[in-house]
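Okay, so here's the structure we're looking at.
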Amino acid sequence: MTNKAVIAAACAAALLAFAPAAAYAQCGGASWYGPGFNGKRAASGEIFNENAMTAAHRSLPFGTRVAVTDQNTGKSVTVTINDRGPFHGKRIIDLSKGAAAALGFQNRGTTSVCLAEQ
């Protein structure tokens, strides 16, 4: 490789390192949890509060803020990822009881949502 090619490759790598990451987006099923877990430690180490605006996701880093929009009602809330899950079917997020109530699906138990990283 010539010196110019090495310099060009190094410059391209440096530019890619500082490029903004693509926004995270995902749509799928959502459920909620709370009773039985309230006051216990979440996977992040935080004490779980079923009335807080938090959620469990399989892979997003703890502390990530995500806008959750209910596809049935159009309502949206922002939650912070502080736990792991859901581990049931094809659901993509498990919301706290408070977040489910704010979206209006607490009585149904599950809904369809889209997520967008904030």
Side-chain angles (χ1 to χ4, degrees):
M1 219 177 203
T2 67
N3 226 8
K4 286 182 182 180
V6 170
I7 292 170
C11 288
L15 286 173
L16 288 174
F18 291 106
Y24 180 86
Q26 183 180 22
C27 294
S31 53
W32 67 271
Y33 71 119
F37 295 96
N38 197 46
K40 296 183 179 177
R41 291 210 181 270
S44 65
E46 293 178 30
I47 300 297
F48 179 71
N49 175 352
E50 67 182 8
N51 297 309
M53 293 296 173
T54 59
H57 191 275
R58 289 186 186 117
S59 61
L60 286 173
F62 296 135
T64 302
R65 292 177 47 82
V66 179
V68 181
T69 303
D70 188 316
Q71 296 303 288
N72 297 311
T73 65
K75 290 182 182 178
S76 185
V77 296
T78 299
V79 297
T80 302
I81 303 300
N82 73 339
D83 208 357
R84 289 292 172 233
F87 300 109
H88 180 69
K90 295 182 180 181
R91 295 180 193 158
I92 61 169
I93 196 163
D94 223 353
L95 299 166
S96 65
K97 179 181 170 184
L103 286 175
F105 79 94
Q106 182 181 352
N107 291 337
R108 291 193 318 267
T110 61
T111 194
S112 295
V113 298
C114 284
L115 312 179
E117 188 174 353
Q118 296 287 285

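Because the structure is predicted, anything quoted here is derived from the model rather than measured. The chain is numbered in sequence order, starting from 1.
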Disulfide (SG to SG under 2.5 Å): pairs with one or both residues in residues 37-118, sequence neighbours excluded: C27-C114

Determine the sole option in L115, T80, I81 for which the side-chain contact (heavy atoms from CB on, under 4.5 Å) test with T64 is passed. I81

S96 side chain to A52 backbone, donor-acceptor under 3.5 Å: yes

Hey, does K75 have a side-chain heavy atom less than 4.5 Å from the side chain of T69? no

To check you understand the geometry: which heavy-atom pair defines the closest contact between S31 and T110, and what is its length? CB-CG2, 4.0 Å

Strictly distance-based, threshold 3.5 Å: is any side-chain N or O of D83 a donor or acceptor partner for the main-chain N or O of A43? yes

Check ring-ring contact (aromatic ring centres under 6.0 Å, His included) between F48 and all other residues, then give those that pass, not counting sequence neighbours. Y33

Of all heavy-atom pairs between A102 and M53, which one has the smallest distance, and what is that distance? CB-CE, 3.7 Å

Contact summary for A56 and P86, nearest pair of heavy atoms: O-CD, 4.0 Å

Taking all non-hydrogen atoms of both residues into account, name the closest pair between R58 and R84 and its distance. O-CD, 3.5 Å

Heavy-atom distance under 4.5 Å between the side chains of T54 and V79, does that happen here? no

For R108, all residues meeting salt bridge (charged side-chain N to carboxylate O under 4.0 Å, His left out), sequence neighbours excluded: D70

For the residue pair H57 and I92, what are the closest heavy atoms and their distance? CD2-O, 3.2 Å

Kindly check if the number of other-residue, nucleotide or ligand heavy atoms within 6.0 Å of CZ (F62) is above 12? yes

Indicate yes or no for a side-chain donor-acceptor contact from N38 to the backbone of E50 under 3.5 Å, with no hydrogens or angles considered. yes

To the nearest 0.5 Å, atom CD1 of I47 lies from atom CZ of R41 at 4.0 Å

Flag the pair L103 / T111 as yes when at least one side-chain heavy-atom distance between them is below 4.5 Å, and no otherwise. no

Considering all heavy atoms of both residues, which atom of F105 and which atom of A30 are nearest to each other, and what is their separation? CE1-O, 4.1 Å

What's the separation between atom CG in N49 and atom NZ in K97, rounded to the nearest 0.5 Å? 10.5 Å

